[in-house]
**Q** 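Got a structure for you, questions after.
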Amino acid sequence: MSFNVSADAYGRFMGRFSEPLAVEFAEWSGVADGQQALDVGCGPGALTARLVELLGADQVRAVDPSPSFVAAARARFPGLDIAEASAESLPLPDAAVDLAMAQLVVHFMTDPVAGLREMARVTRPGGTVAACVWDLGPGARAPISLLWRAVHDLDPGFVGEAELPGGGRGELAELAAAAGLADIRDGELTVTSAFADFDDWWEPYTLGVGPAGAYVAGLDQQGRDQLRARCRELLPAGPFEISATAWCVRGRA
Ligand SMILES: C[S@@+](CC[C@H](N)C(=O)[O-])C[C@H]1O[C@@H](n2cnc3c(N)ncnc32)[C@H](O)[C@@H]1O
């Protein structure tokens with residue numbers, strides 16, 4: 001998958017949004033002193049870092065199926081229990097944690113309902129399962145939405161990430177209900193990242209991260225030049241900010 005990339009590439013591409021998102025998501029999920037937490041699909045550790053800050057390193061575990069991200073997260077958090085595993089098959093016993101969280105992961109799961117159900121299994125009864133996914137639906141408000149808009153302008157038939165599960169309004173709550181969670185609440189979280197200029201924005205798309213990076217990597221030079229030119233038309237030349245909004249859901253195991 002397009003997540004077997006370096007932590008540095010991920011950080012420049014998505015970490016600049018997922019690090020601030022982790023602060024908002026942890027607060028919205030009700031992370032509280034004394035809890036044991038699991039970060040599912042931790043990547044290089046944006047949410048893991050926030051959980052360690054709030055709960056302490058001995059209260060936090062993490063998993064991710066990407067070998068390069070697991071290696072990066074282990075280097076960043078020595079001593080933390082970080083396993084190479086997917087949400088659909090977590091290497092934890094039943095009721096092992098108070099809180100299982102998945103930030104920007106549900107839409108990449110092979111089986112999102114099975115993944116959320118498995119997160120509920122490893123959470124103690126009454127504990128919290130929480131997830132968030134960028135708004136990828138109509139009027140998308142994800143960090144990568146402008147790139148997909150430019151792709152669509154040049155190649156109207158290309159769908160991008162618009163149909164991934166959990167990315168539309170209300171979809172995360174439907175998935176959470178199908179996974180058997182109780183007392184489901186949903187909402188949205190918005191973060192902002194600053195870019196010095198157009199190249200600061202474009203360069204991370206050339207690093208092959210995620211579906212957008214994979215799309216750019218699959219273009220020939222002419223296609224890449226055309227896409228870059230279309231994006232340039234859509235963005236200001238000087239310093240600018242991009243805001244991005246994620247849907248979030250939480251429920252009781
Ligand atoms: C957009 S990144 C999010 C990483 C991190 N949570 C963050 O907020 O920066 C998506 C992550 O989901 C992981 N992933 C993909 N499929 C998964 C699955 N079935 N179960 C758990 N994680 C998965 C990828 O390896 C990648 O690290």
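Model, not experiment: these values are computed from the prediction. Order of listing sets the numbers, starting from 1, for every ligand and every atom in it. Computed over heavy atoms, backbone and side chain alike; hydrogens, waters and symmetry mates excluded.
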**Q** Can we say Arg50 and Glu19 salt-bridge, meaning some charged N sits less than 4.0 Å from an Asp/Glu carboxylate O?
**A**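 No.
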**Q** Using heavy atoms and a threshold below 4.0 Å, how should the contact between Phe108 and ligand 1 be classified: side chain, backbone, both, or neither?
**A**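 Under 4.0 Å from ligand 1, Phe108 contributes backbone and side-chain atoms.
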**Q** Cluster question for you: counting only ILVMFWY and a side-chain heavy-atom cut-off of under 4.5 Å, with indirect links fine, are Leu235 and Leu227 together?
**A**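 Leu235 clusters together with Leu227.
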**Q** Quick check on contacts: which atoms of ligand 1 are under 4.0 angstrom from a heavy atom of Gln103?
**A**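 Near Gln103, meaning under 4.0 Å from one of its heavy atoms, ligand 1 has 3 (C), 5 (C), 6 (N), 7 (C), 8 (O).
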**Q** For the residue pair Thr128 and Ser29, what are the closest heavy atoms and their distance?
**A**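 Answer, listing the atom of Thr128 first, then Ser29: CG2-O, 4.1 Å.
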**Q** Taking NZ, NE, NH1 and NH2 as the nitrogens, is one of them in Asp199 or Arg228 under 4.0 Å from a carboxylate oxygen of the other?
**A**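 The answer is yes: the pair qualifies as a salt bridge.
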**Q** Keeping Gln36 on the side-chain end and Val60 on the backbone end, is there a donor-acceptor pair under 3.5 Å?
**A**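 Side chain of Gln36 to backbone of Val60, a donor-acceptor pair under 3.5 Å: no, none is there.
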**Q** List every atom of ligand 1 that sits less than 4.0 Å from any heavy atom of Val105, numbering the atoms from 1 in the order shown and giving each element.
**A**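 Heavy-atom distances to Val105 below 4.0 Å select 12 (O), 21 (C), 22 (N), 23 (C).
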**Q** Going by the atom numbers of ligand 1, which of them fall below 4.0 Å from some non-hydrogen atom of Ser66?
**A**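 In order of number, 25 (O).
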**Q** Less than 4.0 Å is my threshold; does some heavy atom of Met14 fall inside it relative to ligand 1?
**A**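 No, Met14 has no heavy atom closer than 4.0 Å to ligand 1.
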**Q** Hey, looking at atom 27 (O) of ligand 1, which of Leu47, Val40, Val106, Asp64 has the closest heavy atom?
**A**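 Closest candidate by heavy-atom distance is Asp64.
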**Q** Show which atoms of ligand 1 fall inside a sub-4.0 Å distance from at least one heavy-atom site of Ala46.
**A**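 Result: 9 (O).
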**Q** Mind checking whether Ala102 contacts ligand 1 via backbone (N, CA, C, O), side chain (CB onward), both or neither, at a 4.0 Å heavy-atom cut-off?
**A**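 It is neither; nothing of Ala102 touches ligand 1.
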**Q** Could an N or O of ligand 1 be found under 3.5 Å from any N or O of Ala87, whether backbone or side chain?
**A**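 By distance alone, the answer is yes.
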**Q** Contact between ligand 1 and Cys42 is defined here as a heavy atom of the residue under 4.0 Å from a ligand atom; is it met?
**A**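 A heavy atom of Cys42 does come that close to ligand 1.
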**Q** Find all atoms of ligand 1 within a distance of less than 4.0 Å from any non-hydrogen atom belonging to Glu88, and give their numbers and elements.
**A**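 Per the distance check, 18 (C), 19 (N), 20 (N).
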**Q** What about Asp39: any of its N or O atoms under 3.5 Å from an N or O on ligand 1?
**A**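 No, no N or O pair falls under 3.5 Å.
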**Q** Would you call Arg74 and Asp64 a salt bridge, taking side-chain N to carboxylate O under 4.0 Å as the test?
**A**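 No, Arg74 and Asp64 are not salt-bridged.
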**Q** Which atoms form the tightest heavy-atom contact between Pro143 and Met14, and what is the distance?
**A**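 Scanning both residues, the minimum pair turns out to be CG-SD, 4.1 Å.
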**Q** Go through ligand 1 atom by atom and flag the ones less than 4.0 Å from a non-hydrogen atom of Gly43.
**A**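 Counting from 1, the qualifying ligand atoms are 4 (C), 27 (O).
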**Q** Based purely on interatomic distance, does Pro65 place a nitrogen or oxygen under 3.5 Å from a nitrogen or oxygen of ligand 1?
**A**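 Between Pro65 and ligand 1, no N or O pair is found under 3.5 Å apart.
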**Q** May I ask you to list the atoms of ligand 1 that are less than 4.0 angstrom from any heavy atom of Ser18?
**A**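 Numbered from 1, ligand 1 contributes 7 (C), 8 (O), 9 (O).
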**Q** Are Arg232 and Trp201 in a cation-pi setup, meaning NZ or CZ lies under 6.0 angstrom from the ring centre and within 45 degrees of the ring axis?
**A**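 Judged by the rule (NZ or CZ under 6.0 Å from the ring centre, within 45° of its axis), Arg232 is not positioned above Trp201.
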**Q** Between Arg12 and Asp8, does a salt bridge (charged side-chain N to carboxylate O under 4.0 Å, His left out) hold up when you go through it step by step?
**A** CA-CA 6 Å; Arg12 277 147 67 193; Asp8 178 60; 2.7 Å; yes
